[in-house]
Every structure is written in structure tokens, then in C-alpha cells.
Amino acid sequence: MSRHQISRDRMVRDQLLPRGIRDKAVLAAMASVPRHLFVEEGLIPSAYEDMPLPIGFGQTISQPYIVALMTQLLEVSPGMRVLEIGTGSGYQAAILDAMGLDVYSVERVRELHFRTSTFFMRHKFRNIRLKLADGTLGWPEAGPFDRIIITAGGPEIPAPLLEQLKEPGILLLPLGADRRTQNLVRVIREEGEVRQETLAPVAFVDLVGRHGWS
Ligand code: SAH
């Protein structure tokens with residue numbers, strides 16, 4: 001077994017299981033996606049540690065537990081069409097791809113978009129579609145989506161994303177009136193209604209855009 005596989009199995013055992021990540025498909029994806037390839041070379045030794053890491057341009061790859069928690073809260077099944085806002089390193093998108101989903105991901109920072117596009121081509125992630133744009137406007141031509149996940153924190157629920165959410169559908173986002181302190185909020189659309197659940201406190205980088213921070 002490779003040393004990275006050992007680190008991943010340890011990450012699942014020590015960081016995810018004790019905190020209530022129980023979804024077998026999520027655990028399998030977290031144990032298989034090579035997170036160390038999504039960080040800068042100098043940070044590879046820390047790739048499986050219990051923390052977010054810098055990816056350049058003031059952005060971060062989320063802590064493994066937060067990626068697993070958000071993925072579990074999305075309640076996905078294979079074949080669903082999922083939109084992610086905030087491609088960043090591409091790690092969250094790769095986890096969703098490993099679960100057999102049809103993944104669309106939008107990033108607003110040009111350098112991160114091109115870097116991750118090249119990375120996905122080189123490593124043959126062929127089912128993840130990427131776009132350089134303000135993700136608070138969604139991806140109308142590719143929608144509607146069964147699931148939408150925002151991996152940056154904003155002050156409001158972007159209206160275009162709600163419009164691009166199917167019924168039944170789930171939209172998951174960090175929401176906060178203050179920058180840097182948010183709660184994970186899950187918006188559930190079903191049976192003609194939209195309801196909102198406020199979950200754990202989280203700390204994400206800013207969602208910047210028309211329906212985010214300026
Ligand atoms: N999901 C990423 C986490 C990246 S951090 C990963 O797995 O690595 C959040 C990302 O959201 C940053 O790259 C940031 O540039 C991006 N972002 C912020 N506002 C955005 C917007 N309006 N549209 C698209 N991306 C945005």
C-alpha cells in the first residue's frame with residue numbers, strides 16, 4: 001500500500017468517522033481521491049492533515065472534514081447533475097466526480113481556473129466541466145441542477161442559483177452577514193416549498209460577485 005493511501009485511510013479513521021461522517025460513498029471517495037495532488041508541492045507532507053491549506057491567490061483548499069461534511073449533507077446519488085461554485089484546487093469537484101456525479105464547477109479567479117483545467121486534463125478527470133465566471137450567476141446553459149454547492153462564504157442566497165435548482169433539489173452554502181464567519185445553510189426545495197436549515201458554524205473565504213461580497 002502506498003504511503004499516501006495509508007495517510008488517506010488514517011484521515012478517514014481519525015478525522016471523519018469520529019465526527020459523524022457515515023455515508024459510505026463519501027468515505028470511499030475521501031479514501032480514494034489523491035488530495036496530495038491538489039496542493040502545492042511544498043505542502044504535500046501536510047495534505048492529509050486536519051486543516052485547510054493555501055492554494056495561492058488568497059484562497060484555500062478546505063479541511064478534509066468540511067469537504068466530507070458538505071458532501072454528506074448534499075445527499076447525492078450517482079448520475080445527479082451538480083453545480084459547484086468555487087472550483088479552487090478542484091478537490092471538492094474531484095470528490096463529487098468520484099461519486100459518479102455529473103459535475104459543473106465555476107471559478108472567478110482566472111489563474112486558478114486555468115491551473116485546475118490543466119490539472120484535470122493531465123490527470124484525465126474527463127467528466128468535470130469548468131467555467132471561468134462569477135458563479136453567483138450560476139451556469140444557466142448547463143442547468144437546472146439536482147444539487148448546488150457553494151464553497152465560499154457570502155451574505156445572501158444568490159437568487160440565480162435558486163432559479164437553477166431542480167425540484168427536488170438541495171443548495172448548500174456558507175452564509176453570514178459578516179465576512180469570515182458563516183453558518184452552513186442547507187436550502188431544500190421539495191413539494192412546491194423551499195425550506196432552510198441552519199447547520200454548523202464554518203469559516204470560508206469570501207464569495208465575491210454580483211450576489212456575493214463586492
Ligand atoms: N472547492 C475548493 C475550495 C476553494 S476556496 C477546493 O476544493 O479547493 C473558494 C473558491 O471560491 C476560491 O477559489 C475563490 O476564488 C472562489 N470564488 C469566490 N467567489 C466566487 C464566485 N463568485 N464565483 C466563482 N468562484 C468564486
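If you read the sequence from its start, that first residue is 1, and numbering goes on from there. Both ligands and their constituent atoms are indexed starting at 1 by order of listing. What you see is a predicted model; the values in this text were computed from it and never measured. No hydrogens, no waters, no symmetry mates; every other heavy atom, side chains included, goes into these values.
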Under 3.5 Å, N/O to N/O: give me all the pairs between ligand 1 and the protein, one per line with atom names and distance.
residue: ligand 1; atom: 1 (N); partner: E84; partner atom: OE2; Å: 2.8
residue: ligand 1; atom: 1 (N); partner: G86; partner atom: O; Å: 2.9
residue: ligand 1; atom: 1 (N); partner: T151; partner atom: OG1; Å: 3.0
residue: ligand 1; atom: 7 (O); partner: Q92; partner atom: N; Å: 3.1
residue: ligand 1; atom: 8 (O); partner: S89; partner atom: N; Å: 3.0
residue: ligand 1; atom: 8 (O); partner: S89; partner atom: OG; Å: 2.6
residue: ligand 1; atom: 13 (O); partner: E107; partner atom: OE1; Å: 2.7
residue: ligand 1; atom: 13 (O); partner: E107; partner atom: OE2; Å: 3.4
residue: ligand 1; atom: 15 (O); partner: E107; partner atom: OE2; Å: 2.6
residue: ligand 1; atom: 19 (N); partner: V208; partner atom: N; Å: 3.0
residue: ligand 1; atom: 22 (N); partner: D134; partner atom: OD1; Å: 2.9
residue: ligand 1; atom: 22 (N); partner: V208; partner atom: O; Å: 2.6
residue: ligand 1; atom: 23 (N); partner: G135; partner atom: N; Å: 2.8
residue: ligand 1; atom: 25 (N); partner: R108; partner atom: N; Å: 3.3

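Salt-bridge formation is detected for the pair E141/K131: a Lys NZ or Arg NE/NH1/NH2 atom is positioned less than 4.0 Å from an Asp or Glu carboxylate oxygen. D146 and R81 are not joined by a salt bridge, as no carboxylate oxygen comes within less than 4.0 angstrom of a charged side-chain nitrogen. Residues R179 and D206 are paired through a salt bridge, judged by an N-O separation under 4.0 Å between the basic side chain and the carboxylate.
L162 belongs to a hydrophobic cluster whose remaining members, ordered by chain and number, are L83, I85, Y104, V106, W139, F145, I148, I150, I157, L161, L165, L171, L173, L175, V185, V187, V194, L207; membership requires side-chain heavy atoms of ILVMFWY residues under 4.5 Å apart, directly or through intermediates.
A cation-pi geometry, defined here as NZ or CZ lying under 6.0 Å from the six-membered ring centre and within 45° of its normal, does not hold between R35 and Y48.
A donor-acceptor pair under 3.5 Å is formed between the side chain of S89 and the backbone N or O of Y91.
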